[in-house]
J.: 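This structure is in structure tokens; I'll ask about it shortly.
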Amino acid sequence: MRRAALRLVVTTLGVAAVVGATVPVAATASAAPASIYGYYPTAESCNHVGQQGRNNGLWPWYTCFQSNQLWALQIPW
């Protein structure tokens, strides 16, 4: 689990560096703090938890994306 989280952080930082270097205005204008809420075995379970949080007013949006064999739930913080 730690290895998957480390890969996710390294990949995210690499993508952010590329995006920041190529589109600095868009990156600063749309920068919103976000964090990983958890990792789930399927896309359905990730979306289920994300939608529950959205319905309960815990966060205004969520995104699920694949991270190695798991699905990561990203929410704004």
J.: Is there a side-chain contact (heavy atoms from CB on, under 4.5 Å) between L73 and Y40 once you walk through the steps?
T.: CA-CA 8 Å; L73 174 60; Y40 301 91; 3.7 Å; yes
J.: Mind checking what makes side-chain hydrogen bond (donor to acceptor under 3.5 Å, both in side chains) contact with S45, not counting sequence neighbours?
T.: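 Once residues adjacent in sequence are excluded, the partners of S45 under the side-chain hydrogen bond (donor to acceptor under 3.5 Å, both in side chains) criterion are T42.
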J.: Please identify each residue that fulfils ring pair (Phe, Tyr, Trp, His ring centres under 6.0 Å) with Y37, with sequence neighbours left out.
T.: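 Y37 satisfies ring pair (Phe, Tyr, Trp, His ring centres under 6.0 Å) with W59 only.
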J.: Considering non-hydrogen atoms only, spot the tightest contact between W71 and P41 and give its length.
T.: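 Here W71 and P41 meet closest at CD1-O, 3.9 Å.
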J.: Could you list the residues that satisfy side-chain hydrogen bond (donor to acceptor under 3.5 Å, both in side chains) with E44, not counting sequence neighbours?
T.: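 Listed in chain order: nothing, the list is empty.
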J.: Main chain of P60, side chain of R54: is a donor-acceptor contact present, judged purely on distance under 3.5 Å?
T.: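 Between the backbone of P60 and the side chain of R54 there is a qualifying donor-acceptor contact (under 3.5 Å).
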J.: Could you walk me through whether Q74 and Y62 satisfy the side-chain contact (heavy atoms from CB on, under 4.5 Å) test, starting with their C-alpha distance in whole Å, then the side-chain angles of each, then the deciding distance to 0.1 Å, before giving a yes or no?
T.: CA-CA 6 Å; Q74 183 181 19; Y62 71 93; over 6 Å; no
J.: For N56, enumerate each residue passing the side-chain hydrogen bond (donor to acceptor under 3.5 Å, both in side chains) test, keeping only those at least two apart in sequence or located in another chain.
T.: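 If we apply the side-chain hydrogen bond (donor to acceptor under 3.5 Å, both in side chains) test to N56, skipping adjacent residues, there are no hits.
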J.: Pairs in or reaching into residues 48-77: which pass disulfide bond (SG atoms under 2.5 Å apart), with residues at least two apart or in two chains?
T.: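 Every pair satisfying disulfide bond (SG atoms under 2.5 Å apart) with a residue in residues 48-77: C46-C64.
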J.: Enter the distance from W77:CH2 to I36:CD1 here, rounded to the nearest 0.5 Å.
T.: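 Those atoms lie 12.5 Å apart.
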